[in-house]
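Heads up: the structure comes next, in structure tokens.
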Amino acid sequence: AQRAGAHIAPALRAQPRGLSARDAASAANASRIAAWASTSPFRSTDRWWMAAGLTSGRREFHAKQKNMAYPTSALIVGSIISSVALVVVNKLIFAQGFPYVFTLSTFHFIVTCGLLQIMARVFGAFQVAYLPFRMNLLVAAFGVGSICLMNFSLKTNSIGFYQMMKLCVVPCCLVINLVTYGEHTTRKICGALFLVLVGVGIATVTDVKLNGVGTLFGIAAVLTTAQYQTWQGKKQKEYGLSSSQLALSVSFLQIFVGLAFALVFELGDLIANSEAGFTSAGEDAYLSLPVLIIVSCLLAVSVNVHSFALIGKTSAVTFQVVGHGKTCLILLSGYLLHVRAGNPVSDLYKNMMGVAVALFGCALYTNLKLTDASSRDWCDLMLPVPLLKLFRESPGVEYSAVPNAEDDRELQQTKSDWEDVDPEAGKPSAPVPKIA
């Protein structure tokens, strides 16, 4: 008993107070469990508590620690660079006679899963863990469905209507957070998001043509994308997984879901074109096609890892704002090329105004997220008092949507909250991820 107590004492001192009845029962059997833990594969403190079925707070705490190891600015820059490069490479692939989105996406999932498995099992970069099978399959299906429905929306709608539907992802994420998780968004944040969406809409939405089938695809694409990106952040905190662990867990099943879509929608055309030799772009283009596909797969790994990490550290809404900011930067570069080619600037007045409004909205959103509640933000400094009264929050409502996870003070507050918890108050443990 003394030897068992020696094994378990350090772990008990590290565990925050406030155990539930289930946790207390587990702690009562500490001697028996400690003897097993000292010789089992679950030797580290994290894995011991996970195997013992203790509170979810420790898992959420470590998930935040893992994601906060990378600066938010680095994740944003990495996400923008990798996603823009992926779009460019994919356009080259499609231009060379390989317009098979689901087949290419399946290649992306295979390489993503394979490289992450090597990083985890060979180099020990992180511990392999999976979501429960049903939830894992659901998240994977929504991820592939998002890609599938967005492409169908692009094929069946005009460019303007497609862009307009993409703008609807942000308000859809806010509604999901409110209905599913009871999280409200401050009026100032809503105002900043409104500027972003209006600016991008002015700059990108031109012709809007409606049709029944295209509208259904557009609505379904918005719903699946918003839900998938919301889950990317929520499931990391709920199951205590890092971004790499969740990306690995989801990509494994996305291989089979993507393969099913590819077999249904693209197998016949793929076989016919492969027999023809993909000659639409010439022999030289066909020789470079495998190289481009490999580069696309490697870039897809970077996109997946950065997107999971950025959403896990911030939120799906912040990820969308970063995406719209990236769109504005791409548009600005196109406008510069347009002017350098000798075209008049007057053709771009409307578009440049939209980009300016959107970029200001992105900057305002960033300022609101990084400003403490006790400090004055840009709205307090720029808006007149009568207009500022419109942004006062309703009393008795806690606004927590789009949490400010970028600030390390949240992590410190989490620690202090655990220290102040009533030992008699507890809550049932969240589900434990499967450890491979």
Side-chain angles (χ1 to χ4, degrees), residues 76 79-92 94-95 101 146-175 189-211 213-226 228-229 303 307 310 316-341 343-366:
I76 292 175
S79 176
I80 292 176
I81 293 176
S82 56
S83 59
V84 171
L86 180 62
V87 170
V88 173
V89 173
N90 285 349
K91 284 186 176 181
L92 294 176
F94 297 152
V101 177
S146 173
I147 300 173
C148 171
L149 292 171
M150 277 294 181
N151 282 277
F152 281 147
S153 176
L154 181 60
K155 290 180 180 179
T156 56
N157 292 309
S158 63
I159 299 296
F161 185 78
Y162 170 76
Q163 291 290 346
M164 187 177 68
M165 295 306 294
K166 285 184 65 177
L167 296 177
C168 295
V169 174
V170 170
C172 189
C173 288
L174 297 180
V175 172
I189 292 292
C190 289
L193 294 175
F194 178 77
L195 291 177
V196 173
L197 299 182
V198 169
V200 175
I202 293 174
T204 60
V205 177
T206 53
D207 59 321
V208 178
K209 298 178 181 179
L210 301 178
N211 65 82
V213 177
T215 302
L216 291 177
F217 277 130
I219 295 174
V222 170
L223 294 176
T224 53
T225 301
Y228 175 62
Q229 292 184 355
V303 170
S307 63
L310 183 57
V317 176
T318 301
F319 181 75
Q320 285 292 321
V321 172
V322 170
H324 291 314
K326 173 193 66 179
T327 300
C328 293
L329 295 178
I330 295 174
L331 291 175
L332 280 179
S333 63
Y335 299 158
L336 292 177
L337 295 176
H338 179 83
V339 173
R340 290 186 62 181
N343 298 307
V345 185
S346 58
D347 297 341
L348 303 175
Y349 284 159
K350 175 186 173 183
N351 304 84
M352 294 179 68
M353 181 186 68
V355 169
V357 172
L359 289 178
F360 176 76
C362 293
L364 178 60
Y365 178 86
T366 303

**Asked** Rounded to the nearest 0.5 Å, what separation is found between the OG1 atom of T224 and the CD atom of Q229?
**Response** 9.5 Å
**Message:** Closer than 3.5 angstrom, by distance alone: can the side chain of T366 be matched with the main-chain N or O of C362 as a donor-acceptor pair?
**Reply:** yes
**Item:** From CG (N151) to OG1 (T156), nearest 0.5 Å
**Value:** 10.5 Å
**Asked** Which heavy-atom pair separates T225 from V169 by the least distance, and what is that distance?
**Response** CG2-CG1, 4.2 Å
**Fill in**
Of all heavy-atom pairs linking L197 and H324, the shortest is CD2-NE2, 3.9 Å
**Message:** Would you say that L174 contacts I189 through its side chain, given a criterion of any heavy-atom pair below 4.5 Å between the two side chains?
**Reply:** no
**Request:** Go through the steps for V200 and K166 under the test side-chain contact (heavy atoms from CB on, under 4.5 Å), then give the verdict.
**Result:** CA-CA 10 Å; V200 175; K166 285 184 65 177; over 6 Å; no
**Prompt:** What distance separates S83 OG from K326 NZ, expressed to the nearest 0.5 Å?
**Reply:** 3.5 Å
**Distance, nearest 0.5 Å, that separates CD1 of I330 from OG1 of T204** = 12.0 Å
**Item:** Distance-minimising heavy-atom pair for L223 and C172
**Value:** CD2-SG, 3.7 Å
**Complete:** T215 and N211 have their tightest heavy-atom pair at OG1-O, 2.7 Å
**Message:** Could you tell me if the side chain of V357 sits less than 4.5 Å from the side chain of I202, heavy atoms only?
**Reply:** no
**Asked** Do you know which two heavy atoms are closest between S79 and S82, and how far apart they sit?
**Response** O-OG, 3.3 Å
**Asked** In Å and rounded to the nearest 0.5 Å, what is the CD to CG distance from Q163 to L154?
**Response** 8.5 Å
**Asked** Hey, is CE on M352 packed in by over 12 heavy atoms from elsewhere, all under 6.0 Å?
**Response** no
**Asked** Can you name the closest pair of heavy atoms from M150 and Y162 and give their distance?
**Response** O-CE1, 3.4 Å
**Asked** Could you go step by step and tell me if V317 and L193 meet the side-chain contact (heavy atoms from CB on, under 4.5 Å) rule?
**Response** CA-CA 9 Å; V317 176; L193 294 175; 3.8 Å; yes
**Asked** When you look at T318 and Y365, which way does the side-chain contact (heavy atoms from CB on, under 4.5 Å) test go after all the steps?
**Response** CA-CA 9 Å; T318 301; Y365 178 86; 2.7 Å; yes
**Message:** For a 4.5 angstrom cut-off between non-hydrogen side-chain atoms, does L331 reach Y335?
**Reply:** yes
**Message:** Are there over 12 heavy-atom neighbours, none belonging to F94, within less than 6.0 Å of that residue's CZ?
**Reply:** yes
**Request:** Kindly compute the distance separating CZ (F217) from SG (C148), expressed to the nearest 0.5 Å.
**Result:** 7.5 Å
**Request:** Determine, stepwise, if the pair F152 / V213 fulfils side-chain contact (heavy atoms from CB on, under 4.5 Å).
**Result:** CA-CA 10 Å; F152 281 147; V213 177; over 6 Å; no
